[in-house]
Amino acid sequence: GDDDDDDDDATNTPGDGGQVQLGEVDVLGIWGAEELTSFEAMVEPWGGTVNFTGTRDITSQLTLQVEGGNPPDVAAPAEVGLFQEFARNGRLTPLSACEGLEDLIRDKYPESFVELGEVDGELYGFFMKADSKATIFYNPGLFEENDWDVPDGDSSFDDLVSLSEEIRDSGTVPPWSMGMEEGAGTGFPGTDWIQQILLNESGGDVYDDIVTGEKGFDSDEMKDAWEKFGEIALGEGFVLQDGASAINATNFRDAIYTVFEDPPEAAMVYIGAFGSGFITTQFPGIEAGTGFDFTTFPGGDVTGGANIVYAFNDDPTTCDFLTYIAGAEAQQIWVELGGFTSVNEDVDLEAYPNDVARRLAEQLLDAETFRFDLDDAIGGGLQQAYFQGVTQFLTNPDQLDQILQQIEAARE
Amino acid sequence: MERSEAVQVPAPATAEVSVAQGLRGLLPRLPLHLVLLGFIVIWSIPTLALLISSFREPQAIAADGWWNAIWPPWEFTWDNYDAVLNQQGMGRAFVNSLLITIPATILVLLFASMAAYAFSWMEFPLRNSLFLIMVALLVVPLQMTLIPVLRLYTQLEVDVEVPIVGGRVFGTSSYLGIWLAHAGYGLPFAIFLLRNFFGSLPRELMESARLDGASDTRVFFRIILPLSVPALAALAIFQFLWVWNDLLVALILLGDPNMAPMTLRITNLVSSFGSAYQLLTAAAFVSMAVPLIIFFALQRYFVQGILAGAVKG
Amino acid sequence: MAGVTFEHISKQFDETIAVHDLNLEIADREFLVLVGPSGCGKSTILRMLAGLETITSGTIHIGDRMVNDIAAKDRDIAMVFQSYALYPHMSVYDNMAFALSLRKTSKDEIRQRVTEAAGLLGIETLLRRKPGQLSGGQRQRVALGRAIVRHPAVFLFDEPLSNLDAKLRVQTRAEISKLHERLGTTFVYVTHDQVEAMTMATRIAILNAGVLQQVGSPQDVYEEPVNVFVAGFIGSPATNFFKGVVKTEAETMHVDVGPFQLPVTPGRQQVLRPFVDKEITIGVRPEHVHDADFMPPGTESAPVTAEVAVTEFLGNENLLHLTAGGHEFLARVDPRTRARPGQQIRVAVDATQLMAFDTETGTAIR
Amino acid sequence: MAGVTFEHISKQFDETIAVHDLNLEIADREFLVLVGPSGCGKSTILRMLAGLETITSGTIHIGDRMVNDIAAKDRDIAMVFQSYALYPHMSVYDNMAFALSLRKTSKDEIRQRVTEAAGLLGIETLLRRKPGQLSGGQRQRVALGRAIVRHPAVFLFDEPLSNLDAKLRVQTRAEISKLHERLGTTFVYVTHDQVEAMTMATRIAILNAGVLQQVGSPQDVYEEPVNVFVAGFIGSPATNFFKGVVKTEAETMHVDVGPFQLPVTPGRQQVLRPFVDKEITIGVRPEHVHDADFMPPGTESAPVTAEVAVTEFLGNENLLHLTAGGHEFLARVDPRTRARPGQQIRVAVDATQLMAFDTETGTAIR
Amino acid sequence: MIGRKPWVPWIWLSPSLLLLGVFLVYPVIDTVRRSFLDRRSDEWVGLDNYQFIIDNPQSLVADTHGAIFNNLLWLVLFPLIVVPLGLVLAVLTSRVKYEAVAKSAIFIPMAISFVAAAVIWRFMFVFDSDIGTMNALMVEINEDPVAWLQDQRSAQRAAFDIGPEEAWGPIQINNFALITIGVWMWTGFALVVLSAGLKSISTEILEAARVDGANEWQLFRRIILPILSPTIAVVTTTLVILALKVFDLVWVTTGGRFGTDVVATLFFKEAFVVRDFGVGAALAVVLLVAVVPIMVLSLRRFQFQEEIR
Ligand SMILES: Nc1ncnc2c1ncn2[C@@H]1O[C@H](COP(=O)(O)OP(=O)(O)OP(=O)(O)O)[C@@H](O)[C@H]1O
Ligand SMILES: Nc1ncnc2c1ncn2[C@@H]1O[C@H](COP(=O)(O)OP(=O)(O)OP(=O)(O)O)[C@@H](O)[C@H]1O
Ligand SMILES: [Mg+2]
Ligand SMILES: [Mg+2]
């Protein structure tokens, strides 16, 4: 992709903006499969041509292209660490460069998300396709049979533990299903646990301090979060995949499925909102709400991920494109197709395909405290260390302190 | 004179091998067959697993092991292949893969054999050290080269559309660009392999060609290459499938989605949360087809005794 | 120690028949020399016997063991390949030691045998070289050495001396004969050198186009060839052939060749009776055409006047290419002959040595 | 069309000296035959001349062009390799056509020339075969054919007929001679076959251990060898050598070999004077030792009684291995001889044909 | 060759020299330069990056020592298994009628992309014994399922149950699992090259050896092996280098987790994930240096070859 070929081989379709001759825009993202189809559906109405390249190794891909002097026009990765670095090194163009875009974001997007797009006060990017990670998926049928009461945002972590004990003692199935394996991303479900617990227990400021580095991973708050995670993960008979090696070796997807199989092998699984996607594809015709359901992670605060969209140039096509996809009409298209949670307030909640999806969106928008995925926020080596740390902690919980120190040591 | 020559008869003879002979021939070789079959089976199991899985529903794959699918009731499905093949742009991607791979392979074969000829049949200063260096470059990890190469390409970009095949004349999103890149990356091994085979040809053949008035070029094309077909075939196979399976270089050097090879398309089957393995399994076989065809096609060049009757002694 | 028997052996390569229905018994300890024109199947026969070439049909016995399906390595045969087939990666020494080392022969014994063989062949100084560093003849000697270090049941030699100089060839020939006497194993020996064939063979087998023509002692095949081919093939320079008609006058009988008449010795007349007034083919060896001035005493002869076309000087004798009445023929005469090209000269054909053949069938008339 | 000049040519392979200080002029259109024991440097000379082997020292001229640094392909030379070096992937036809096709010869001309050459060599039926499907002799003929289809400045033949049968060899020899006359180019020809050397050569060059011994017409080198080596090498079977002391009595002079006395012909006495009472070496060719009963008329001879050790029957003559007073020597006598092994027999040595050599230096006494 | 102009060889080499120069040599130089600069390649830091590799301060992200050790493990095991295997198979297949089929069965893994290969071996190695082939087998033989790709217990401990419970390596099960995948994928390579070499051995020499009484083993040991040795050297050298730079295989399966990192994966992480180009480059340079002795060794074989031709 490149940024100066718009004028010559322009497709000459007047865009929504109308005033510019729209050319091509090169987008580098991580979407594939049905996501990609939906994305293409979303940009279809836009006048210009979108050259989308998808890769799951986006950080290296971006680094290579930027270093090689050949960045895409627009990037939409999940990790903000890289984004911030690019911004600081002046590789990115601020959204202000595109007329009206910055205002649109500031008006329509929740504060917490806007802040995340700022570097040194300048707004460089905006978020779309957000995903709450304050979601515990469970098997409603199973809960009714054994009339266990479903925890919610208002219950506490201890309630969660006691529920786990109750389910375990009931001798039906283990309360949790847990899997960390995901190739190069192995360990991420654990990091989600920890960040969610951290936010609930120690609050947003501590969370932010961890991100910025004012507080280290070796801080007491952090350690507490890890230990709480350990209580569940390594709790006697708590987890279907019994023991560290099993948890580490089980792919997070397989872990999800076990809860909703017939008969179910576990009662609950903690996974980001995107988990619903796997459930519905794996079990076609499963009823949202009856076949599977989710509840807010006890504590009520919400962590979550999202794709951050930013641009490497400000030529008209690029700006027009950004403005288009930031807008409600565009995002509504994807929302209707499912698997997409918009943080643009103008997107009509009615647009969501089903109840679960709608509640996921609400949870995200109504959350009094929202924090961006910790590992994606820090990124780079620290993120790696964080991932590694989780799997190591599970195998050697007694070495927690030195693991945390080592993680902190990876901070740049 | 003719009388002393062997008689010519039309019909080819059929050796009269009695059944007894046949058995006597087979029995001592039984262990050989067993060992070989053993290897074949072991090596095929993972492939078999992949193949079977590629015909199973995703839920089935996650539910139980592939071997369960072998026994009835069979519930195989074409859906995965459907999804892979009917993914939009797959046709073009297939063509692109060929457009990228075939020239890249030919370039390597040509350039490498030229260099190998020089290394094995010409004397010049620093011959061995230069050879060592070239081969040693085999160790360079591709990722290490991409940034400098990309820089170079963006600088040397010739942004003129090439008719028919499309893409730029040179730079990123240019066929020429990616051909040369793949050629460059393929050379060290190619030179290494060919020099060894060229070097093993009997010197007297080159000599007699010389006396017949053949220039280096002629010796190269009329003697060296024909006599090295097994090596060239082997090399062609590898180079072809390495380029064919390449994702990294294509990702970096081909921005234009219309030029994307199959490998790029296939990655699009995987969502950002990395689902859809069943599609990958199908994709694996789809993309494997062509290299395997090449492999079989080139098998016939692996013939014994290509040098029979050449020299006495 | 074993004889070799070929029964109805045929060998066919795609469309060529290399050997056709060969029946041949080689006695134990025999020294059989195979001769025949290039491409007549000699090597093929050796290769089949060695187990390197599948047999199209027929059976081969070594001793009383049927070997058709016996692997080469189990036939206990040593062979000198026409194209040497030396092991390029081994030194001359190792090339010769290879077969022995496979048989777990003691190091010393190997050294002793190899150096001995190398001595016989005059390659002691080359033992550490690789074949690539040898001259043609040296390679051939290594190939020979590789065979003679062994004590197999049967020795096969495929033109083992073709690239050696006359002197060395005579020596080596003698060595091989000695070897044959010493080991008393069966030797099958292919050569194009008539002297070799004549001097070494206990029997000579003459092949043509894959078909066995005659087997017999050197003297037999030389003096009583069974057909025109053998007569023409054995003996160098080759026999002169004349077509002529058998004539009788009173008691005497002669063959009218046109330019000259060849008297038939009384002993022969009986067998030639049936051919009176018929055309037969007469074979005369060049050495039986003498320069009339230097006739060996006591040769019964028919004088002929001929013109000298070419003279070839061979040192110990002179070869005259003569023409008489359209007939071209060769005479091998005393070196002191005064014949010079272009001259007329009187030659005498030794009538006692004539060979007669039926012109149609080409078989000898006896 | 060009002569060849070797000036102080030497060739050294790591430790072996293959050719030592060779000085040799080959005239244009000459047919030079190189002979010498195996490994004496013949092939190396050809290969240097062809430009395949670097020259250690000295210069080679073809015509008046110094070719030391001229590439083989630019020397316009055709060579028959001792090891054939056929192109295994090409049919016989293509093997022969290769050189011509490189020269952009027209298709028809190529076909015509190749088929002609194939005809001469009797390989017309094999043109579509690959070398691997040919017999040894057939391969050699292809190698030969590949050279003779060309019309180069110089022809090099390295033992081109070694694997052909006698008959074919005679024919082919004749063809090569014809070719030489027709093309009138310079031929350099390596052979071990004395007959070949004697009959084809305009001059013969005898090499030994890389050193040139003598160059001269066949007759010269046969009748007037410059030294013992040449005398012993040329002529087969080899010359007999006797050491003897020159004695004079009154007018007559003879050489006392011990068991017998060899009279010195008056013509020779002059040159032998200086050696009176000294030991010299006498060379006698086997054909000059006659069976006394079948002596050619008018041979001046010294009678000797000897014991017959071995008799070799060669068809046209008998080879007798004789011993007299500890001396072993060969006699090539009339086939009608009655000599049988173990017998005593009277032989006569033809005194006119003796060769005398200085025992120390080995050089001929003239 | 007499009379060849001194510049001729360079003409024949020029295309390769050019391409190699651009695509490999120039990047190598650039990398060496970067290895002396800081993470952003701005300032000169001398040998700090190499110091980093030696000190191994961040074992959690980049366990340089572990990676180097694993590379050594690959370096030794990978060729040691693949080459003999390929050789044996090349010889065996050349003796049967179904050669092409047999070869392709071994070769197919080569043709499979790393992504797909990763998928397959996931299926093979999945922990859940209902899905994972290997563990299904383990269960069959009444063993506990093993977390093949994650298990860091030392193989020796896992096998013979000796040593302390939490003995982590040094030679970990999961590294064996990875090498197994490598062997599965690359044996086809050795097989194809070696059988190509096998085919070019003169049949007559083999015949001569048989007549000399060599049985199949002696034939292989005394004739085929030595004549083939230059080709074997090529294969071995290539595989050694591949082991040295092994990346994709580890990256797509474990991402270097659980102590399976090798130098190449570390290089990649440092350069593109941690984005410390200095250290990344330094790690790459380690690879470049490591290859030198290997090359010198393999040159010997070629001199041998020139001797005998
Ligand atoms: N590459 C080499 N390395 C070392 N010595 C060699 C090499 N080639 C030839 N020689 C030696 O040089 C000498 C001459 O070799 P050449 O081939 O010229 O002999 P030749 O006269 O052709 O013998 P022949 O009649 O047996 O072919 C021989 O002693 C041979 O051993
Ligand atoms: N592989 C083959 N394919 C086809 N024909 C062959 C093959 N090998 C030999 N022949 C033919 O078989 C016949 C006999 O070959 P063979 O080698 O036995 O001849 P030969 O008697 O040894 O001749 P020479 O004296 O020239 O070595 C020849 O006409 C040859 O062309
Ligand atoms: Mg033969
Ligand atoms: Mg020679």
Side-chain angles (χ1 to χ4, degrees), chain B residues 32 36 39-40 43-44 46-47 49-50 53 64-65 111 114-115 117-118 122 124 128 132 134-141 143-145 148-149 180-181 183-185 187 189 192-193 196 199-200 203 230-231 234 241 245 277 280-281 284 287-288 291-292 295 299 302-308, chain E residues 1 8-9 12-13 15-16 19-20 22-24 26-28 30-31 89 92 95-96 100 102 104-108 110-113 115-116 119-120 123-124 130-131 133 136 184 192-193 195-196 199-200 202-203 230-231 234 238 241 244-245 247 264 267-268 284 287-288 291 295 299 305 309:
Chain B
L32 159 69
L36 208 46
F39 274 112
I40 294 176
W43 249 254
S44 306
T47 323
L50 191 70
S53 310
D64 59 3
F111 292 165
M114 284 172 67
Y117 176 53
M122 300 182 186
F124 53 91
N128 284 334
L132 283 193
M134 281 200 179
V135 177
L137 289 172
L138 191 55
V139 82
V140 174
Q143 295 84 358
M144 176 176 132
T145 67
V149 168
L180 293 178
Y185 297 135
L187 276 175
F189 170 70
F192 193 27
L193 182 74
N196 166 57
S200 67
R203 160 174 273 109
L241 68 88
N245 284 340
Y277 280 175
L280 284 182
T281 58
S287 60
M288 211 159 66
L292 283 187
F295 177 80
Q299 272 305 306
F302 292 86
V303 282
Q304 187 74 56
I306 191 166
L307 287 172
Chain E
M1 240 293 298
V8 169
W12 287 79
L13 290 171
S16 304
L19 288 182
L20 290 173
V22 171
F23 292 100
L24 293 171
Y26 158 56
V28 164
D30 182 67
T31 309
L89 286 167
L92 293 188
R95 276 167 170 54
V96 296
S104 54
I106 310 294
F107 171 82
I108 283 177
M110 271 239 96
I112 297 178
S113 64
V115 187
V119 175
I120 302 184
F123 286 141
M124 302 305 289
D130 297 342
I131 308 172
T133 314
W184 177 75
V192 170
V193 178
S195 68
K199 301 293 182 187
S200 54
S202 145
T203 33
T231 314
V234 170
T238 312
I241 294 180
L244 205 56
K245 68 185 281 194
F247 170 78
F267 152 76
F268 186 82
L287 290 183
L288 298 181
V291 81
M295 292 323 301
L299 181 64
Q305 183 191 48
R309 79 176 173 209

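Predicted, not measured: the structure shown is a model, and the values here were computed from it.
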Non-hydrogen atoms of E:Ala116 and B:Leu50 that approach each other most closely: O-CD1, 4.3 Å
Among the listed options B:Pro291, B:Ala234, B:Pro46, B:Gly184, the residue most often paired with chain E at heavy-atom distances under 4.5 Å: B:Pro46
If you look at every heavy atom in E:Ile241 and B:Val135, which pair is closest and at what distance? CD1-O, 4.4 Å
Chain B contact via E:Thr31 - which portion, at a heavy-atom distance below 4.5 Å: side chain
So B:Tyr185 and E:Phe23, would you call those rings parallel, tilted or perpendicular, with 30° and 60° as cut-offs? perpendicular
Residues at least two apart in sequence or cross-chain that pass side chain to side chain contact (heavy atoms under 4.5 Å, CB included) with B:Ala136, listed by chain then number, are E:Val291, E:Met295
Counting heavy-atom pairs under 4.5 Å to chain E, which of B:Phe111, B:Phe302, B:Phe295 comes out on top? B:Phe295
Under 4.5 Å from any heavy atom of chain B - which part of E:Ile120: both
Heavy-atom pairs under 4.5 Å with chain B, option from E:Leu244, E:Ile106, E:Asp30 with the top count: E:Ile106
Sequence neighbours excluded, the answer for side chain to side chain contact (heavy atoms under 4.5 Å, CB included) partners of B:Ala118 is B:Met122, B:Phe124, E:Trp12, E:Leu13
For a quick test of reading the model, state the closest non-hydrogen atom pair linking E:Met124 to B:Ala49 and the distance between them. SD-CB, 4.3 Å
Contact leader toward chain E among B:Ser53, B:Pro230, B:Ala181, where contacts are heavy-atom pairs under 4.5 Å: B:Ala181
